[in-house]
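Naming: A, B, ... by sequence-line order, numbering from 1 per chain.
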Amino acid sequence: MEFLSKIGAVVQRILKEEFQLEVDSKSLLFNETRKEFDGDYTLVLFPFLKTTRKNPQELGKLIGDTVVQEIEFVQSYNIIKGFLNFEFHVSFWLDILKQLDDNGSFSLPNNGNKVLVEFSSPNTNKPLHLGHVRNILLGWACSNILSAAGYEVVKTQIINDRGIAICKSMLAWQKFGAGATPQSEAMKADHFVGHYYVLFEKKFKEEYSNWQSSEEGGTVYQNLRKEDQSEEAFFKSYKNKYFNDYSALGAEAKSMLLKWEQNDVDVRALWSKMNNWVYQGFEETYKNLGVTFDSIYYESDTYTLGKDIIQEGLSNGVFYKKEDGSVWIDLEDVGMDHKLVLRSDGTSVYMTQDIGTARKRYEDTQANGMVYTVADEQDYHFKALFETLKKLEEPYCEGLHHLSYGMVDLPTGKMKSREGTVVDADDLLKEVIQEAKNNAVERGEIESISEDERQKIYQLIGKAALNFFILKVNPKKRMVFNPAESVDMQGTTGPYVQNAYVRIQSIKRKAGEMDLSKRMEYSDPEPIELDIIKKLNGFLSTLQIAADQYDPSIMASYCYELAKLYHKFYSDIRILGATEESAKAFRIALGNSVARTLQEGFRLIGIEMPNRM
RNA sequence: GGACCAGUAGCUCAGCUGGAUAGAGCAACACACUUCUAAUGUGUAGGUCCCAGGUUCGAAUCCUGGCUGGUUCACCA
């Protein structure tokens, strides 16, 4: 805040002139004065007491007197213990509000950086679930926040469209589908494909179970079991081995994968057909979540990338080759291990592709930064990837960030797709919207508007509840998703914030066309009104912090706090019923400013405002 | 075993680049709608900030060591 550095400069000068004490502006911390004391901002004097050999009263008086004398907007000061509280003129805050109204901006100037934000990045064998929802909302909100903070942003995703998982769906459809289509079954297309993935797992499980009681299975168990290992525990741990070495279904799926890699025409056609169904379904979910992408990368295109860079790195000593032909990078100097970048048979690993994809994206966009929205189980991988890209001296290597987020747990424990405890993204959206509708119908505020508009409002409210519930939590924290609480619309929720906005709209409608110029005559604001102005003034610095930390929860909290102040203001103070015309005009103008700020803050975290609710 | 992340009210979370008496919401209880949308506001109650040391005028915040939960350390992705 500019005005604080003005005070800071005076303090610095005094400390230097009087005590030969050089203090840099960073160590001069001004805090907002706590509610229970008089003042706007507080300078903590303790750090200077020893070196100046003054007590707080003396030092505070010296600084306070000078600041009040030299800085026109500081009206007075008081000293409590080691805290020097500055009180500003009321007119200063009224001017701030006017400036925000006249040429206030909700974004920061372009900073010359271009950043690519990757999020969502699903597999194509099943529909999106709650885990994806957190990923998508985080990535989307971060994109908006970075964009408002002055970055040029490219939103992208990489779709994992190949591999054994999609082959399982394909195989199950081929064997058991009898030519069914999403249309013929009237199913959302990605759910249709997911159904066959589940069917495959079911048939495989049956097959495995039969094998376990067969002679062959029994022999394997007797020969390979560890001591004290129960039959159940053994077969649980043996599942992968069985899939690869014994299973007929496993063999078929693997053969399909092989054919895919050999570009078999029929398999490729089937693959395209099923992936396209999934994409149709995803598109619908993205639309309902309100997110879009600027570009899409497919793993089937990118999985071959990176090998040439490995050669490059070998020749200039970034990588080294072992006797068996495998290629590695030594990351011990940054506290990590040696990491494989190419297998001994010359095929790629995850790391290889990611190195190649990063460079391709740089070539495609010239972005000097990349943000990867990926769950925190991959922290180590991304650390290794970024260090590798640094050693390769890639031009964008200083702008890499892993937007790491914690898993989403249910109150009953972890989500496990195998145990059917996942929360489906589409179901979730439906539920919150239905809950919004139930509430709205009960309240009856919007009975008079058209059915179409009502539906639209239910959606906005339901989505607000869901988005806010997920985004209010710091990304890196593991979060508990309680379905009952996620549809809550009271307290620290999206609808609570929307409600503040709606109240303002309602007042504007009632006020009609009004000349607000009289607000300039309003000179004696209530404390709550000043609190609101201070909060409004904090929007841009909040945006900056949220962008620096890649953390939408900071913006979500800000909006909640502003809405909370407005709700209190609304209940304590007459707006349309104000006795003075100037007060009425001022309060309407203040409301307008709050509404715009809430709307913009919520837009950044992917939530739209209704005009009624 | 090494590394990383988390641990704050019954529950869900803020606060963490050190500052005044640790804050919200939910749940509980009590109040406030003839008055601008009560999806609101007010109040009561609720705390060993995981534990133990250390640094400091001052520690939920920083350091060290533990404890608990999670993740990771694959020629898997």
Steps toward ring-ring contact (aromatic ring centres under 6.0 Å, His included) verdict (Y372(A), H401(A)): CA-CA 6 Å; Y372(A) 295 81; H401(A) 180 77; 9.7 Å; no
Tell me which residues in residues 159-167 of chain A lie within less than 4.0 Å of RNA chain B, going by non-hydrogen atoms.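 Here the set is empty: none.
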How would you list, by chain and number, every residue that makes a side chain to side chain contact (heavy atoms under 4.5 Å, CB included) with N31(A), sequence neighbours excluded?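 For N31(A), the residues satisfying side chain to side chain contact (heavy atoms under 4.5 Å, CB included) (neighbours in sequence not counted) are V44(A).
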Give L84(A) one of three labels, base, sugar-phosphate or nothing, depending on what nucleic acid heavy atoms sit under 4.0 Å from its own.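 If one applies the 4.0 Å heavy-atom cut-off, L84(A) turns out to touch nothing in the nucleic acid.
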Pair up each side-chain donor or acceptor in residues 487-496 of chain A with any protein partner under 3.5 Å, not counting sequence neighbours, and list the distances.
residue: T493(A); atom: OG1; partner: M489(A); partner atom: O; Å: 3.4
residue: T493(A); atom: OG1; partner: Y496(A); partner atom: N; Å: 3.2

Please classify the nucleic acid contact of Y350(A) as base, sugar-phosphate, or nothing, using heavy-atom distances under 4.0 Å.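 Base contact - Y350(A) has a heavy atom under 4.0 Å of at least one base atom.
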What nucleic acid atoms does N85(A) come within less than 4.0 Å of, heavy atoms only: base, sugar-phosphate, or nothing?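 It contacts base atoms.
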For rG23(B) versus rG46(B), give the span between their C1' atoms, rounded off to a whole number of Å.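 Taking atom C1' in both rG23(B) and rG46(B), they lie 13 Å apart.
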Are Y570(A) and rG41(B) stacked, counting the six-membered base ring, centres under 5.5 Å, planes under 30°?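 So no, this residue does not stack on that base, at least one cut-off failing.
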Answer yes or no on whether K236(A) is positioned over the face of Y242(A), meaning its NZ or CZ is under 6.0 Å from the six-membered ring centre and within 45° of the axis.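 So K236(A) doesn't make the cation-pi contact.
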What interatomic distance, in whole Å, is found between P of rG18(B) and the corresponding atom of rA60(B)?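 Rounded to whole Å, the distance is 14 Å.
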With sugar-phosphate meaning primed atoms plus P, OP1 and OP2, does V473(A) contact a base, only sugar-phosphate, or nothing at under 4.0 Å between heavy atoms?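 Counting heavy atoms under 4.0 Å across all strands, the contact made by V473(A) is with sugar-phosphate only.
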Looking at R361(A) and E118(A), is there a salt bridge between them, counting it only when a charged N and a carboxylate O are closer than 4.0 Å?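 So E118(A) pairs with R361(A) through a salt bridge.
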Partners passing side chain to side chain contact (heavy atoms under 4.5 Å, CB included) against D301(A) (at least two apart in sequence or in another chain):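 Residues passing side chain to side chain contact (heavy atoms under 4.5 Å, CB included) with D301(A): Y298(A).
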With the side chain of E485(A) defined as its heavy atoms from C-beta on, choose the nearest nucleotide among rU12(B), rC36(B), rA20(B).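 My answer, after comparing the listed nucleotides, is rU12(B).
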Is any side-chain heavy atom of I554(A) closer than 4.5 Å to one of L543(A)?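 Side chain of L543(A) against side chain of I554(A), heavy atoms only: no contact under 4.5 Å found.
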I want to verify a distance call: between rA14(B), rU71(B), rU40(B), whose nearest atom is closest to the S557(A) side chain?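 The closest nucleotide is rA14(B).
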Could you list the protein-to-nucleotides 21-24 of chain B atom pairs, N/O on both sides, closer than 3.5 Å?
residue: rG23(B); atom: OP1; partner: R34(A); partner atom: NH2; Å: 3.0
residue: rA24(B); atom: O2'; partner: Y560(A); partner atom: OH; Å: 2.9

Over all strands shown, is Q490(A) touching base, sugar-phosphate only, or nothing at heavy-atom distances under 4.0 angstrom?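 Touches sugar-phosphate only.
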Answer yes if the side chains of N125(A) and S169(A) hold a donor-acceptor pair under 3.5 Å, and no otherwise.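 No, because no side-chain N or O of N125(A) sits under 3.5 Å from a partner of the opposite role on S169(A).
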What residues, two or more places apart in sequence or in another chain, satisfy side chain to side chain contact (heavy atoms under 4.5 Å, CB included) together with I80(A)?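 Side chain to side chain contact (heavy atoms under 4.5 Å, CB included) list for I80(A), sorted by chain: F37(A), N78(A), N85(A).
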Side chains of E529(A) and Y522(A): donor-acceptor distance under 3.5 Å anywhere?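 Y522(A) and E529(A) do have a side-chain donor-acceptor pair below 3.5 Å.
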Per L576(A) side chain, nearest of listed nucleotides rU40(B), rU12(B), rC36(B):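 Among rU40(B), rU12(B), rC36(B), the one nearest the side chain of L576(A) is rC36(B).
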Checking all strands, does E299(A) fall into the base, sugar-phosphate, or nothing category for heavy-atom contacts under 4.0 angstrom?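 Result for E299(A) = sugar-phosphate.
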Taking the side chain as every heavy atom from C-beta outward, state whether L130(A) and V422(A) have any pair of such atoms under 4.5 Å apart.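 Not touching, per the 4.5 Å side-chain cut-off.
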At a cut-off of 3.5 Å, list every protein nitrogen or oxygen paired with a nitrogen or oxygen from nucleotides 68-70 of chain B, distance to 0.1 Å.
residue: rG70(B); atom: O2'; partner: R478(A); partner atom: NH1; Å: 2.5

In whole angstrom, what separates F468(A)'s CZ from rA14(B)'s C1'?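 Rounded to the whole Å, the gap is 11 Å.
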Using a 4.0 Å heavy-atom cut-off, does V502(A) contact any base of the nucleic acid, only the sugar-phosphate backbone, or nothing at all?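 Since a base atom lies under 4.0 Å of V502(A), the category is base.
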Does K339(A) or H381(A) map to a spot on RNA chain B nearer the 5' end, using the closest nucleotide for each?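 Looking at RNA chain B, the more 5' nearest nucleotide goes with K339(A).
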P gap between rG58(B) and rG47(B), integer Å: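 My reading of the P atoms in rG58(B) and rG47(B) gives 27 Å.
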With hydrogens left out and only the distance checked, is there a donor-acceptor pair under 3.5 Å joining S571(A)'s side chain and the base of rA38(B)?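 Checked by distance alone, the answer is no.
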Quick check: do W271(A) and M256(A) have side-chain heavy atoms less than 4.5 Å from each other?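 Side-chain contact under 4.5 Å: no.
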More 5' along RNA chain B: F83(A) or M479(A), using each one's nearest nucleotide?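 Looking at RNA chain B, the more 5' nearest nucleotide goes with M479(A).
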Just to be sure I understand the rule, does A440(A) reach a base, reach only the sugar-phosphate, or reach nothing, if contact means heavy atoms closer than 4.0 Å?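 Base: the residue A440(A), judged by heavy atoms under 4.0 Å, touches a nucleobase.
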Only counting residues at least two apart or in another chain, list the ones meeting side chain to side chain contact (heavy atoms under 4.5 Å, CB included) with S76(A).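 Checked S76(A) against side chain to side chain contact (heavy atoms under 4.5 Å, CB included); matches are E87(A).
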Specify the residues of residues 340-348 of chain A, ordered by number, for which at least one heavy atom lies under 4.0 angstrom from an atom of RNA chain B.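 Going residue by residue through residues 340-348 of chain A, the ones with a heavy atom under 4.0 Å of RNA chain B turn out to be L340(A), R343(A), S344(A).
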Step-by-step salt bridge (charged side-chain N to carboxylate O under 4.0 Å, His left out) determination, R162(A) to E299(A): CA-CA 7 Å; R162(A) 53 160 224 123; E299(A) 208 200 31; 3.2 Å; yes
Would K564(A) and D531(A) pass as an ion pair if we require N to O under 4.0 Å?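 Looking at D531(A) together with K564(A), the answer is no, because their closest N to O distance does not fall below 4.0 Å.
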Have S450(A) and E453(A) got a donor and an acceptor in their side chains that come within less than 3.5 Å?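 Their side chains do contain a donor-acceptor pair, which is all the 3.5 Å distance test asks for.
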Identify each donor-acceptor pair in which a side-chain atom of residues 53-60 of chain A lies under 3.5 Å from a protein atom, sequence neighbours left out, and give them as a table.
residue: N55(A); atom: OD1; partner: Q57(A); partner atom: N; Å: 3.0
residue: N55(A); atom: OD1; partner: E58(A); partner atom: N; Å: 2.8
residue: E58(A); atom: OE1; partner: N55(A); partner atom: N; Å: 3.2

Checking contacts here: which listed nucleotide (rU12(B), rG41(B), rU8(B)) is nearest the side-chain heavy atoms of K477(A)?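 Looking only at side-chain atoms, K477(A) lies closest to rU8(B).
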Please state the C1' separation for the pair rU21(B) and rC33(B) - nearest whole angstrom.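 My reading of the C1' atoms in rU21(B) and rC33(B) gives 35 Å.
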Taking the P atom of each, how far is rU8(B) from rG70(B), in whole Å?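 Their P atoms lie roughly 15 Å apart.
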Could you tell me how far rA27(B) sits from rU42(B) if I compare only their P atoms? Round to whole Å.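 Straight-line distance between the two P atoms is 16 Å.
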Considering residues at least two apart in sequence or located in another chain, which fulfil the ring pair (Phe, Tyr, Trp, His ring centres under 6.0 Å) criterion with Y41(A)?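 With neighbours one apart ignored, the set is F3(A), F88(A).
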If you check the D488(A) side chain, which of rC26(B), rC13(B), rG41(B) turns out closest?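 Per side-chain heavy atoms of D488(A), the pick is rC26(B).
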Regarding S553(A), tell me which of base, sugar-phosphate or nothing describes its non-hydrogen contacts under 4.0 Å with the strands shown.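 Nothing, no heavy atom under 4.0 Å.
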Interatomic distance, Q378(A) CD vs rU71(B) C1' [rounded to whole Å]: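 Between C1' of rU71(B) and CD of Q378(A): 11 Å.
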Closest approach to the side chain of K476(A), judged atom by atom: which nucleotide of rA77(B), rC5(B), rU40(B) is it?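 When the side chain of K476(A) is considered, rC5(B) is the closest of rA77(B), rC5(B), rU40(B).
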Name the pairs: protein N/O against N/O of nucleotides 57-65 of chain B, kept only if under 3.5 Å.
residue: rC57(B); atom: OP1; partner: K50(A); partner atom: NZ; Å: 2.6

Integer angstrom distance from the C1' of rC50(B) to that of rG7(B):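 Here rC50(B) and rG7(B) have their C1' atoms 6 Å from each other.
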How far does the C1' atom of rG10(B) sit from the matching atom of rU56(B), given to the nearest Å?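 Rounded to whole Å, the distance is 35 Å.
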Ion pair D376(A)/K476(A), N-O distance below 4.0 Å: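 Salt bridge absent between D376(A) and K476(A).
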Given rU40(B), rC36(B), rG7(B), which nucleotide is nearest the side-chain atoms of R574(A)?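 So the side chain of R574(A) is nearest to rC36(B).
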